[in-house]
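For reference, the structure is listed below as structure tokens.
Since the structure is predicted, the reported quantities are computational estimates derived from the model, not experimental observations. The sequence lines fix the lettering, A, B, ..., with proteins before strands; numbering per chain opens at 1.
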2 protein chains.
Amino acid sequence: MVTNKQQQQPDIFRADCLSRSTLQLIASEWTPLVVFALEEGTLRFSQLLKRIDGISTKMLTQTLRAMERNGLVQRVVHPVVPPVVEYSLTPLGQALVEPVHMLQSWAYEHLEEVARARMAYDQVDHPPIQEETMTRVQQREQ
Amino acid sequence: MVTNKQQQQPDIFRADCLSRSTLQLIASEWTPLVVFALEEGTLRFSQLLKRIDGISTKMLTQTLRAMERNGLVQRVVHPVVPPVVEYSLTPLGQALVEPVHMLQSWAYEHLEEVARARMAYDQVDHPPIQEETMTRVQQREQ
DNA sequence: CTGGATCCCTAACGATACTG
DNA sequence: CAGTATCGTTAGGGATCCAG
């Protein structure tokens, strides 16, 4: 039975297309960072926590669980005390490395350009952007 | 002056690195879709609204404003009645097209793989994922 | 027509404390 | 060590009405 609501032709513009939710896996604040961190190999929970500056245990757990559920990471629990849990990318997760790297490259390369654009925008009139139209991320950096 | 807190070497793992917030421009639910929509040319607000299924006027406005501020889109207001406002990608925004396309490709190609991973995960024991560990997006698709 | 302003509810998230 | 549980705050975001 492959007769669900899914089209043969995925269409990112349709709200009910699976590709939408698939794309949004990486539209999370942390997923790309986890991908980067695990890119070079297996890491334990605490190692990830240290590597990814600013993430809380809650968000790390949450992100890892979601990624595991979506088949991006593998979670291996070693039944010892104290517990050892290792995370690594699955092949599916590794397939994501390159695309996400391109985003990183873009970010690195255009970092100053973006910064300049912001300053320019903020200086020009632009009736003081009301808080509602700023994302948390943007406010953080003020 | 280039002597702000920014390193010569951007480091995505640092919370205070500009590249972090730059990367997160596209970590928004809607930004990638706006990029896709504007990829082929200029569109008006209402056209974007129609093209991007499921977006609200508020989120579209918000997303466009953020993208404008960050130099990704250009907003042109034609002083006519009724008003005409056109949006298009700046060169900076166009530079984002390719990376984001790779994500789209990844999503399209691995769509079923992800779906299968989810089903497999959900069937196996896995003490019923508590709501807290699911993102809104994930809940939506249940 | 465009899109700003409000209202309001919910989900996201950090911080902290706690357990197998 | 690797999380889970809980609490409190705040941002996200839909719906709606309004103005230029």
Side-chain angles (χ1 to χ4, degrees), chain A residues 15 24 27-31 33-34 42-68 73-88 125-142, chain B residues 15 21 24 27-31 33-34 42-69 73 75-88 126-142:
Chain A
Q24 281 162 193
S28 130
E29 179 169 1
W30 303 111
T31 304
L33 293 175
V34 172
T42 299
L43 286 182
R44 297 176 58 179
F45 187 86
S46 53
Q47 293 176 309
L48 283 167
L49 207 56
K50 263 176 291 191
R51 188 73 215 272
I52 304 174
D53 190 27
I55 197 172
S56 63
T57 69
K58 179 174 177 178
M59 288 315 295
L60 182 53
T61 301
Q62 207 167 297
T63 304
L64 287 169
R65 284 285 179 288
M67 293 178 73
E68 187 191 359
V73 305
Q74 187 185 12
R75 177 171 178 266
V76 178
V77 183
H78 298 278
V80 298
V81 283
V84 172
V85 182
E86 294 186 318
Y87 294 92
S88 58
D125 178 2
H126 285 304
I129 293 187
Q130 54 275 59
E131 311 74 52
E132 286 264 338
T133 50
M134 291 201 295
T135 67
R136 187 180 342 125
V137 171
Q138 290 168 342
Q139 289 178 353
R140 233 183 258 152
E141 74 203 25
Q142 300 275 350
Chain B
S21 65
Q24 280 160 194
S28 129
E29 179 169 359
W30 303 110
T31 306
L33 292 175
V34 172
T42 299
L43 286 182
R44 298 176 57 180
F45 187 87
S46 53
Q47 294 177 310
L48 283 168
L49 207 54
K50 264 176 290 191
R51 187 74 214 271
I52 304 176
D53 190 27
I55 196 172
S56 64
T57 69
K58 177 173 176 179
M59 288 317 294
L60 182 54
T61 301
Q62 207 167 298
T63 304
L64 287 169
R65 282 287 175 288
M67 291 178 73
E68 188 192 358
R69 186 170 102 97
V73 306
R75 178 172 179 265
V76 178
V77 183
H78 298 278
V80 298
V81 281
V84 171
V85 182
E86 294 186 318
Y87 294 92
S88 58
H126 285 306
I129 293 185
Q130 55 275 59
E131 310 74 54
E132 285 266 338
T133 50
M134 291 199 296
T135 66
R136 187 178 343 122
V137 171
Q138 289 167 343
Q139 290 177 351
R140 233 182 260 156
E141 74 203 24
Q142 298 275 350

Legend entry - Spacing of A:R75 atom CZ relative to D:dA2 atom C1', expressed in whole Å: 8 Å
Legend entry - Gap between atoms CD and C1', on B:E86 and C:dC1 respectively (whole Å): 13 Å
Legend entry - For A:R75, the option from A:M67, A:E86, A:R65 that meets side-chain contact (heavy atoms from CB on, under 4.5 Å): A:R65
Inset, instruction - Just jot down the side-chain hydrogen bond (donor to acceptor under 3.5 Å, both in side chains) partners of A:T63, sequence neighbours excluded, or say none. - result: none
Inset, instruction - Output yes when a side-chain donor or acceptor of B:Q47 lies under 3.5 Å from a complementary backbone atom of B:R44, and no otherwise. - result: yes
Legend entry - Residue B:R44, side-chain heavy atoms: nucleotide from D:dG13, C:dG14, C:dT2 that is nearest: C:dT2
Legend entry - Atom pair CD/CD of A:Q74 and A:E68 - distance to nearest 0.5 Å: 8.5 Å
Inset, instruction - Tell me whether the OP1 or OP2 atom of D:dC1 has a side-chain N or O from A:Y87 closer than 4.0 Å. - result: no
Inset, instruction - Mind calculating the distance between CE (A:M59) and C1' (C:dT16) to the nearest angstrom? - result: 17 Å
Inset, instruction - Might you point out which heavy atoms bring A:T57 and A:F45 nearest each other, and give the distance in Å? - result: O-CZ, 4.0 Å
Inset, instruction - Grab the NZ-C1' distance between B:K58 and C:dC9 for me, whole Å please. - result: 11 Å
Inset, instruction - On DNA chain C, check which nucleotide each of A:P82 and B:V77 is closest to and give me the residue with the more 5' one. - result: B:V77
Inset, instruction - Find the distance between CG (A:L49) and CE (A:M59) and round it off to the nearest 0.5 Å. - result: 12.5 Å
Legend entry - Whole-Å gap separating C1' (D:dT4) and CG (A:L64): 14 Å
Inset, instruction - Please list residues of residues 45-54 of chain B whose heavy atoms come under 4.0 Å from any atom in DNA chain C, ordered by number; otherwise none. - result: B:F45, B:S46
Inset, instruction - Looking only at side-chain atoms of A:T61, point me to the closest of D:dA2, D:dG14, D:dT4. - result: D:dT4
Legend entry - Which nucleotide in D:dT4, C:dT2, D:dA2 has an atom nearest any side-chain atom of A:V85: D:dA2
Legend entry - Per A:W30 side chain, nearest of listed nucleotides C:dG14, D:dA2, D:dG14: C:dG14
Legend entry - Nearest-angstrom distance from the residue atom NE2 of A:H78 to C1' of D:dG3: 16 Å
Legend entry - Candidates C:dG20, C:dC1, D:dG3 - which lies nearest the side chain of B:P83: C:dC1
Inset, instruction - Measure the distance from CG on A:L43 to P on D:dG3 and round it to the nearest whole Å. - result: 13 Å
Inset, instruction - Using atom CG of A:L60 as one end and atom P of C:dA15 as the other, report the distance to the nearest whole Å. - result: 14 Å
Inset, instruction - Report the C-alpha distance between B:I52 and B:V34 in whole Å, list the side-chain angles of each, state the deciding distance to 0.1 Å, and finish with yes or no for side-chain contact (heavy atoms from CB on, under 4.5 Å). - result: CA-CA 8 Å; B:I52 304 176; B:V34 172; 3.8 Å; yes
